[in-house]
Amino acid sequence: MESGAEQITVLSLFLQADPVVKAVMLILAIASIWSWAVAVDKWLQFGDLEQSARKFEREFFSGRSVDELDDRGGDRPRDALSRVFAAAAREFREARRTGLPTGDAANLLLARADRLMQAQVSRELGRASRNLGVLATVGAAAPFIGLFGTVWGIMNAFTNIAQQQQTNLAVVAPGIAEALFATGLGLVAAIPAVIFYNKFSGDLDRFADRLETFSDEVAARLSRRLGER
């Protein structure tokens, strides 16, 4: 019995597992690696978004005029806040070529600029949320995939009992062990995915609030600039 217990390792559980349980283990292992790859990528992405946003906000609130920021943004801004600002700045730049509008024309300009910024905010949020669905899917599905492997492994254990007509531990242990191992793999894949999904969902919500607040600030500055006329 001791020698049999010594033979039950992670590798032996995988190699000796039923083909169905083995497929479940492979799926869970791939899902876990995939979710960790997405988590690392999103961690770096949100860190870069935070750093770039702080840098642009320092310049935006440094007292520089809209015209100076417009010149700074260029035609191909690289960070999210710059792209949101550029969406309104392009409209403002076109209007400035023929003289800044007043009255109803100024209100129409502000409305167009606001719609362009909202569209750009939606694109930025879509870019930032890319692949979050992978974490949600792994977090939701992995426990059930592992449970399927568990049920299949227990069925194999009972099948071995029926075939050998014995209920000692040497007969039952391998099937039960591979069943529990499948459950463990499901949890190993699901728990980090759920934690990272919740963390990045919170980051995405805060980033969305930041973009919305920033677009309101840009609209207020444009309105003030037009009011100077």
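Worth saying up front: this structure is predicted, and the values here are computed from it rather than measured.
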Please answer whether the main-chain N or O of [Y] pairs with a side-chain N or O of [X] as donor and acceptor at a distance below 3.5 Å.
| X | Y | value |
| --- | --- | --- |
| Asp79 | Ser82 | yes |
| Ser52 | Leu49 | no |
| Thr183 | Leu147 | no |
| Ser35 | Ser32 | yes |
| Asp114 | Leu110 | no |

Heavy atoms only: give me the nearest [X]-[Y] pair and the separation to one decimal.
| X | Y | answer |
| --- | --- | --- |
| Ala80 | Leu211 | CB-CD2, 4.4 Å |
| Glu124 | Val84 | CG-CG2, 4.3 Å |
| Ala113 | Leu222 | CB-CD1, 4.0 Å |
| Ala193 | Val138 | CB-CG1, 3.8 Å |
| Leu28 | Ala182 | CD1-O, 3.6 Å |

Mind checking the [atom1]-[atom2] spacing from [X] to [Y]? Nearest 0.5 Å is all I need.
| X | Y | atom1 | atom2 | result |
| --- | --- | --- | --- | --- |
| Phe196 | Leu132 | CZ | CG | 12.0 Å |
| Gln45 | Asn131 | CD | CG | 8.5 Å |
| Ser129 | Lys42 | OG | NZ | 6.5 Å |

Taking the side chain as C-beta and beyond, is there a heavy-atom pair between [X] and [Y] under 4.5 Å?
| X | Y | result |
| --- | --- | --- |
| Phe181 | Leu185 | yes |
| Met25 | Glu178 | yes |
| Glu217 | Glu57 | no |

Check for me, please, whether [X] and [Y] land in the same ILVMFWY cluster - side-chain distances under 4.5 Å, paths through other members count.
| X | Y | value |
| --- | --- | --- |
| Leu135 | Leu125 | yes |
| Ile195 | Leu187 | yes |
| Ile145 | Leu26 | yes |
| Phe85 | Leu116 | no |
| Trp43 | Trp36 | yes |

Residues Asp209, Arg206: salt bridge by 4.0 Å N-O rule: no

Before accepting this row, confirm whether a basic side-chain N of the pair Glu50/Arg210 lies closer than 4.0 Å to the acidic partner's carboxylate O.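 Judged by the 4.0 Å cut-off on N to carboxylate O distance, Glu50 and Arg210 do form a salt bridge.
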
Between Arg123 and Gln120, do the side chains contain a donor N or O and an acceptor N or O under 3.5 Å apart?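 Yes - a donor-acceptor pair under 3.5 Å links their side chains.
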
Worked check of side-chain contact (heavy atoms from CB on, under 4.5 Å) between Val24 and Trp152: CA-CA 10 Å; Val24 168; Trp152 195 274; over 6 Å; no

Heavy atoms from other residues, nucleotides or ligands near OH of Tyr197 exceed 12 (cutoff 6.0 Å):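 No.
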
Just checking Arg54: does its CZ atom have more than 12 heavy atoms from other residues, nucleotides or ligands closer to it than 6.0 angstrom? no

Between Phe200 and Phe46, how do the two ring planes meet: parallel, tilted or perpendicular, split at 30° and 60°?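 Phe200 and Phe46: parallel rings.
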
